*Asks:* 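Got a structure for you, written out below as structure tokens; questions coming shortly.
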2 protein chains.
Amino acid sequence: MATKHQHDHAEDDLSANEVRVLEALRDSKEPMSAYAILDRVRPSGISHPPTVYRALAGLESLGMVHRLKSLSAFVACGHGRCGGRFAFAFCRQCQRVEEISLDDEHYDDLVKLVPKDIHLEQTTLEFAGLCSACQAAA
Amino acid sequence: MATKHQHDHAEDDLSANEVRVLEALRDSKEPMSAYAILDRVRPSGISHPPTVYRALAGLESLGMVHRLKSLSAFVACGHGRCGGRFAFAFCRQCQRVEEISLDDEHYDDLVKLVPKDIHLEQTTLEFAGLCSACQAAA
DNA sequence: CTCGATTTGATACATTATATCATTTCTCAG
DNA sequence: CTGAGAAATGATATAATGTATCAAATCGAG
Ligand SMILES: [Zn+2]
Ligand SMILES: [Zn+2]
Ligand SMILES: [Zn+2]
Ligand SMILES: [Zn+2]
């Protein structure tokens with residue numbers, strides 16, 4: 001990952017690999033597994049899993065990519081970039097994903113749940129269900 | 001999984017494999033991977049991953065076991081059994097896990113976040129951090 | 001330029017999870 | 001009771017996800 005210097009503006013300062021992986025994710029607009037990303041960027045020269053995982057780790061630490069733990073999949077941030085105050089809802093059938101921003105009020109309420117003796121570093125909030133379209137189809 | 005009949009009381013009606021897996025988890029009091037469980041129950045005759053995964057699926061659908069998606073690991077419900085209104089906090093260092101019950105107020109607040117066009121089926125709420133002991137050790 | 005540090009590439013492997021088919025056990029109509 | 005079909009379990013194989021490790025290339029200070 002390239003050095004992140006003083007003003008961490010947008011997607012300056014991403015490594016070439018990070019840019020490739022991010023573009024793959026933005027193109028898809030659906031969550032992708034690391035290996036699906038690998039297939040997608042292979043033509044551009046990336047050919048090994050650790051390369052993809054490294055780029056994903058860099059992008060995730062910048063808040064530009066989020067990992068959906070329920071799906072073992074990755075998605076480009078719907079806002080370009082954001083900190084830890086987000087959640088996801090997704091349809092288990094069609095994989096449609098919606099990123100949800102948590103306002104301060106909601107987030108502070110959540111944090112109150114955390115036991116005092118744990119210093120919170122990361123919050124995972126994911127809602128799984130069926131979207132209207134998929135319900136209708138059932 | 002054995003038939004679950006009229007009064008789904010407690011752990012009547014669990015299959016022999018479910019009982020073995022549940023006891024392994026209760027003994028450990030720490031989250032275990034499916035393969036750690038497999039090692040633990042092997043002496044009792046279970047010897048293949050799908051057997052463990054099937055028992056875990058049954059126990060999870062009963063709410064007697066929860067899956068920690070952040071860790072790809074499983075834990076026995078701290079209350080014996082509970083529905084979808086729970087969360088977890090865990091220490092990324094020592095793996096200590098605490099199950100958190102969500103009261104109606106908190107849960108209803110969470111549900112308000114879900115887009116109207118998704119019928120919610122499952123909520124995942126996990127907090128990762130460092131416990132005081134591990135912070136001190138750092 | 002040259003040394004050491006960081007980043008990237010490559011190989012190999014570990015871990016987690018599931019598809020599939022064979023076997024056994026259970027149900028219950030006859 | 002019996003035996004055909006359904007359901008659960010056992011077994012094998014393999015797929016999908018993720019990481020440890022070392023080698024080569026690149027970068028940056030001195
Ligand atoms: Zn975001
Ligand atoms: Zn859908
Ligand atoms: Zn519980
Ligand atoms: Zn700890």
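Excluded from the calculations below are hydrogen atoms, water molecules and symmetry mates; all remaining heavy atoms, backbone and side chain alike, are included. Letters A, B, ... are given to chains in the order of the sequence lines, protein chains preceding strands, and every chain is numbered from 1. For clarity, every value in this text was computed on a predicted model and none was experimentally measured.
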*Asks:* Hey, which sits more toward the 5' end of DNA chain D by its nearest nucleotide, B/Ala16 or A/Ser72?
*Replies:*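 Result of the comparison: B/Ala16.
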*Asks:* Could you state the interatomic distance from OH (B/Tyr53) to CD1 (B/Ile37), rounded to the nearest 0.5 Å?
*Replies:*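 Between atom OH of B/Tyr53 and atom CD1 of B/Ile37 there are 8.5 Å.
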*Asks:* Is any side-chain N or O of A/Arg67 closer than 4.0 Å to OP1 or OP2 of D/dT17?
*Replies:*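 Looking at the OP1 and OP2 atoms of D/dT17, neither is under 4.0 Å from any side-chain N or O of A/Arg67.
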*Asks:* Any donor-acceptor pair under 3.5 Å between the side chain of A/Arg54 and the base of D/dG18?
*Replies:*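 When only heavy-atom distances are counted, A/Arg54 does not reach the base of D/dG18 through any donor-acceptor pair under 3.5 Å.
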*Asks:* Does D/dT9 have OP1 or OP2 under 4.0 Å away from a side-chain N or O of B/Thr51?
*Replies:*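 Negative; the distance criterion is not met.
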*Asks:* Contact between B/Ser72 and A/Lys69 at the side-chain level, heavy atoms closer than 4.5 Å - yes or no?
*Replies:*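 Answer no - side chains too far apart.
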*Asks:* Please confirm whether the shortest side-chain N or O distance from A/His48 to OP1 or OP2 of C/dA10 is below 4.0 Å.
*Replies:*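 Indeed, a polar side-chain atom of A/His48 lies that close.
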*Asks:* Using heavy atoms to find the nearest nucleotide of DNA chain D for B/Asn17 and A/Pro49 separately, return the residue whose nucleotide is more 5′.
*Replies:*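 Whichever sits nearer the 5' end wins; that is B/Asn17.
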*Asks:* CE of A/Met32 to CG of A/Asp39: how many Å apart, nearest 0.5 Å?
*Replies:*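 Rounded to the nearest 0.5 Å, the CE-CG separation comes out at 8.0 Å.
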*Asks:* With nearest nucleotide decided by heavy atoms, which residue, A/Tyr35 or A/Ser47, maps closer to the 5′ end of DNA chain C?
*Replies:*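 Nearest nucleotide further toward 5': that of A/Ser47.
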*Asks:* From the set C/dT18, D/dT9, D/dT17, return the single nucleotide nearest to any side-chain atom of A/Ser33.
*Replies:*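 Nearest listed nucleotide: D/dT17.
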*Asks:* Quick check: A/Phe88 with A/His66 (ring centres under 6.0 Å apart)?
*Replies:*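 Aromatic pair counts; centres sit under 6.0 Å.
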